[in-house]
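Structure, as structure tokens:
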There are 2 protein chains.
Amino acid sequence: MTQTAPSSLALRIKQAGLRLTAPRRVILQVLDSADDHPDVEELHRRAQAIEPGISIATVYRTMNALAEHGLIERQRFDDGRTRYEAVPEEHHDHFIDVETGQVVEFRSDEIERLQQDIARAHGFEIVSHRLDIFVRRKR
Amino acid sequence: MTQTAPSSLALRIKQAGLRLTAPRRVILQVLDSADDHPDVEELHRRAQAIEPGISIATVYRTMNALAEHGLIERQRFDDGRTRYEAVPEEHHDHFIDVETGQVVEFRSDEIERLQQDIARAHGFEIVSHRLDIFVRRKR
DNA sequence: GTTACAACTGCGAATTAGTCGCATTAAAGA
DNA sequence: TCTTTAATGCGACTAATTCGCAGTTGTAAC
Ligand SMILES: [Mn+2]
Ligand SMILES: [Mn+2]
Ligand SMILES: [Zn+2]
Ligand SMILES: [Zn+2]
């Protein structure tokens, strides 16, 4: 009998005090192995491919639970759909190609630092932020 | 007979080739005099206060028309609702107080420049961007 | 291993924000 | 003033997400 190693999200969901149910196991596996920014429909599609019968309502509820516990990040680019990704090792921001919809991740320590400086100057402390840069390939 | 000076948006909507109708006159006045980031419900409420009978569908359609012609900016902070503001003289980004919902505008030439640099390094040219910083008052 | 119970699930109905078709009105240019 | 056609109000519709509920199941305690 082969046992799959628990995904990193599977471990973290338990630490968060949430139950690791069969549907969640599948959804977490999908999230763990995703290298893009899938929306709920797409997550559901991928989860169904592994284990049919999982309800889309469960995907929605699982995303909400994971987000509340800080295990995933919600991305709302400009196409309406809410997209998700497992919280990355290191924070990053996004380029969104307006022509192709392709998303490219980047990180600028300088920008991150400047945000801190500006927030401090305003008497704020940063809870989170989002920098989406809509771009077009230069030619 | 008193004549109200045409609002700056009223002038610009004509230049954009759109018709300056009675409902639009009111909606534009609301937008011009807003110093916050109202959503459609709120715009409708304010427009109704000036001139009852304006349909919310018209507010939606007017926002779409104005956005298509670059006269207003759509802001989608994290509370679901889409908010609007007249395109400002000079671009700015936003702090959103997670406790009060209050929005504070700021601008950092440094951050703006860094974005250009990073985009260029990736072979992109920037179409637009959005930097939302969710904060909490420091105490 | 069995038990107990709250958390979770699937389902379909409800809600919410936004769009759309259509008949009617009214800007705006001629 | 006439003509054209964009814009309006209305209510129906859609898409995304939430919710109520009855049944199931993970988990911790026996
Ligand atoms: Mn990402
Ligand atoms: Mn603003
Ligand atoms: Zn960042
Ligand atoms: Zn900016």
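Protein chains get the first letters and strands the later ones, always in sequence-line order, with residue 1 at the start of each.
By the salt bridge (Lys or Arg N to Asp or Glu O under 4.0 Å) test, R45(B) is found to be paired with E42(B), residues two or more places apart in sequence or in another chain being considered. In this view, D109(B) and R107(B) satisfy the side-chain hydrogen bond (donor to acceptor under 3.5 Å, both in side chains) rule, not counting sequence neighbours. The side-chain hydrogen bond (donor to acceptor under 3.5 Å, both in side chains) test applied to D39(B) returns no partner, not counting sequence neighbours. By the side chain to side chain contact (heavy atoms under 4.5 Å, CB included) test, H122(B) is found to be paired with F95(A), V104(A), F106(A), I118(B), F124(B), residues two or more places apart in sequence or in another chain being considered. Residues passing the side-chain hydrogen bond (donor to acceptor under 3.5 Å, both in side chains) test with H44(B), sequence neighbours excluded: Q48(B). Remark: H129(A) pairs with H91(A) by the ring-ring contact (aromatic ring centres under 6.0 Å, His included) rule, at least two apart or across chains. With sequence neighbours left out, the salt bridge (Lys or Arg N to Asp or Glu O under 4.0 Å) criterion links D97(B) to no other residue.
Heavy atoms of L18(B) sit under 4.0 angstrom from primed sugar atoms or phosphate atoms, though from no base atom.
Side-chain contact between R81(A) and R83(A) is present, with at least one heavy-atom pair separated by less than 4.5 Å. Using a 4.5 Å cut-off on side-chain heavy atoms (C-beta onward), L66(A) and R24(A) make no contact. The closest side-chain heavy-atom distance from L20(A) to L28(A) is below 4.5 Å.
Contacts with DNA chain C (heavy atom under 4.0 Å) in residues 67-85 of chain A: none are found. Across residues 47-55 of chain A, G53(A), I54(A), S55(A) each have a non-hydrogen atom less than 4.0 Å from an atom of DNA chain C (numbered order).
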Atom pairs, protein N/O to nucleotides 12-14 of chain D N/O, distance under 3.5 Å:
none

Dump the pairs, protein N or O against N or O of nucleotides 19-26 of chain D, anything under 3.5 Å, distances to one decimal.
{"from": "dG20(D)", "atom 1": "O6", "to": "R61(A)", "atom 2": "NH1", "distance (Å)": "3.2"}
{"from": "dG26(D)", "atom 1": "N2", "to": "R19(A)", "atom 2": "NH2", "distance (Å)": "2.8"}
{"from": "dG26(D)", "atom 1": "N3", "to": "R19(A)", "atom 2": "NH1", "distance (Å)": "3.3"}

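To the nearest 0.5 Å, atoms OG1 (T58(B)) and CE (M63(B)) are separated by 10.5 Å. Note: R19(B) CZ to I13(B) CD1 = 12.0 Å, rounded to the nearest 0.5 Å.
Here the range on DNA chain C touched by chain A, meaning any atom under 4.0 Å from one of its heavy atoms, is dA6(C) to dC11(C).
Atom C1' of nucleotide dT17(D) and atom NE2 of H44(A) are separated by 14 Å, given to the nearest angstrom.
A salt bridge does not link R74(B) with D78(A): every distance from a Lys NZ or Arg NE/NH1/NH2 to an Asp or Glu carboxylate oxygen is 4.0 Å or more. Of the charged side-chain nitrogens involved, none lies within less than 4.0 Å of a carboxylate oxygen, so that E125(A) and K138(B) do not count as a salt-bridged pair.
Between E105(A) and H37(A), the side chains place a donor N or O and an acceptor N or O closer than 3.5 Å (distance only, hydrogens not considered).
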